[in-house]
Amino acid sequence: MKQILVVDDSPVVRKIARRILTDMEFDVAEAEDGSEALRYCSEKMPDAILLDWDMPIMDGLEFLQAFRKLPDGKSPKVVFCTAQNHQNSIMRAMTAGADEYIMKPFDEMILRDKLEQVGLV
Amino acid sequence: MQQQSFDALCAYLKRTSGLILDQSKQYLIESRVLPIVKREKLGGLADLVLILERGQNQSLAKEVVEAMTINETYFFRDRNPFDKFRDVVLPKLISARQSERSIRVWCAAASTGQEPYSLAMILDEMAHKMPGWRVELVATDLAEPQLTKARAAVYTQFEVQRGLSTAHLLRYFTQQGDTWQAIDALRSKVQFRQLNLLSDYASLGRFDVIFCRNVLIYFDVATKSDILKRMARILAPDGALFLGASESVIGLGTDFAPDTEHRAFHTRGGVGAALGQPIKTPVIGTAAAPVGGLAARPILPTPAAQSPLGSRIATR
Ligand SMILES: C[S@@+](CC[C@H](N)C(=O)[O-])C[C@H]1O[C@@H](n2cnc3c(N)ncnc32)[C@H](O)[C@@H]1O
């Protein structure tokens, strides 16, 4: 079973994502901001990360930059899932090492599709 | 709804556009045709059917047919056919067409454009293998509103997230507020035309690949067979036909047979091995069709976005 870490400060989004991802047979872990996620990853590296952008303490982009520098931080797939939906933001995220990008609002089909795009399903 | 009017409308639709509607599609009539009845201030469906059958109001007839066509589509729908087009069919055609240096693709039920633009992206990415070739992508559909949207190539945020990778989105689209538009270089690769699949295809010329996906399902067996027979006539002997994931040629004549190795497309008359064999295709004058040849030229990556920050719809 692949593990996916859902990083989002909204409990509602985490809950929706957990439901869809559990249905897809992922083992789901949660973190509510970038720094909590980074702590989690330095102990236990997930197979994939679903990452919000705007979060208190450490935002998604800062997290991604730090995450990719971790010893095993190159291989997990990182999929942004955020309301930052400007073309320039998307480009910045992809340049920083994101594998895919979901613009909120999203639905189950989009989430599935994007995880498929990066080879997780 | 009166059964008689429903049946009469079904018969009319079958005759004019080939569409087969059974009882399960009654809701479509209720949601799409009854509003037209109301707007025209007609007494009911029976009145509408009468007008249609008299054939005096062509614009109304057109509107009814268009309202009943189902136009759901996404970019790279089902992915596999597009992978096989890129990885199997196109490479074989490229080696088989070294002397003609020409490839023509027909997307026969283009709907709002996602399918032909997906093919255009693949052809663009393969353009370096076809330097100076004439690459044509003809996309047709019955419904004018779908074609209008396809030509404009403006898609919602939802639409561009269905099937399209972020890399393709950034490379081939620019953001305009809440929507995304395909860049001119991509749009110009597709020639859109209105065409009823029940009508003649001769004016389209000859093709190497035909995508006819998720439209045969709406036709009866005789119509399907007839369409396949006529498509076989304009498809190169070593060409490939792609159908929808739930469609097959079983029971529809012997013009096509599934390619058993790749299970993603069909070849003519079961000559699965024909693809790639150095069959000499006669050079075909593209019958009267004013389809200007497009040189295979790669599209440059899009410059950084110029569009202003679109209003965000957040669900946080
Ligand atoms: C479900 S869409 C398929 C779109 C695309 N090929 C795909 O697979 O995603 C079906 C399309 O067939 C078109 N169509 C229906 N009847 C037709 C006919 N008689 N001739 C041409 N197009 C037709 C409809 O207008 C609609 O756009």
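Keep in mind that what you see is a predicted model, and the values were worked out from it rather than measured. Letters A, B, ... are given to chains in the order of the sequence lines, protein chains preceding strands, and every chain is numbered from 1.
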Discussion item. Report, in residue-number order, which members of residues 111-121 of chain A are under 4.5 Å from chain B by heavy-atom distance.
Written reply: A:Asp113, A:Lys114, A:Glu116, A:Gln117
Worksheet item: Counting heavy atoms not belonging to A:Arg92, are there more than 12 under 6.0 Å from its CZ?
Response: no
Worksheet item: Can B:Glu144 and B:Arg151 be counted as an ion pair, charged N to O under 4.0 angstrom?
Response: yes
Worksheet item: If you take all heavy atoms of B:Gln161 and A:Pro105, which pair is closest and at what distance?
Response: NE2-O, 4.3 Å
Practice prompt. Check whether the side chains of B:Glu125 and B:His168 place a donor and an acceptor atom closer than 3.5 Å, and report yes or no.
Written response: yes
Worksheet item: chain A heavy atoms under 4.5 Å from B:Tyr74: which part of the residue, side chain, backbone, both or neither?
Response: side chain
Fill in: Residue A:Met103 versus chain B: region with a heavy atom under 4.5 Å
both
Worksheet item: Do you see a donor-acceptor pair shorter than 3.5 Å between the side chains of B:Thr112 and B:Gln114?
Response: yes
Worksheet item: How many angstroms lie between OH in B:Tyr155 and OG1 in B:Thr179, if you round to the nearest 0.5 Å?
Response: 11.5 Å
Worksheet item: So, does A:Glu100 use its side chain to make a donor-acceptor pair with the main chain of B:Ser165 at under 3.5 Å?
Response: no
Practice prompt. Pick one of side chain, backbone, both or neither for A:Ile16, based on which atoms fall under 4.5 Å of a heavy atom in chain B.
Written response: neither
Response to the item:
Looking only at heavy atoms, the pair that brings B:Asn214 and B:Ala245 closest together is OD1-N, 4.3 Å
Item to complete: Under 4.5 Å heavy-atom distance to chain B, tell me which part of A:Asp107 shows up: side chain, backbone, both or neither.
Response: both
Discussion item. Testing the basics here: between B:Ala120 and B:Leu186, what is the closest heavy-atom pair and its distance to 0.1 Å?
Written reply: CB-CD1, 3.7 Å
Practice prompt. Taking all heavy atoms of B:Gln157 and all of B:Val160, pick out the closest pair and write down the distance.
Written response: O-CG2, 3.4 Å
Discussion item. Applying a heavy-atom distance below 4.5 Å, give me the residues of residues 18-25 of chain A that approach chain B, sorted by number.
Written reply: none
Practice prompt. Could you walk me through whether A:Gln84 and A:Asp54 pass side-chain hydrogen bond (donor to acceptor under 3.5 Å, both in side chains), step by step?
Written response: CA-CA 8 Å; A:Gln84 286 278 2; A:Asp54 296 301; 3.2 Å; yes
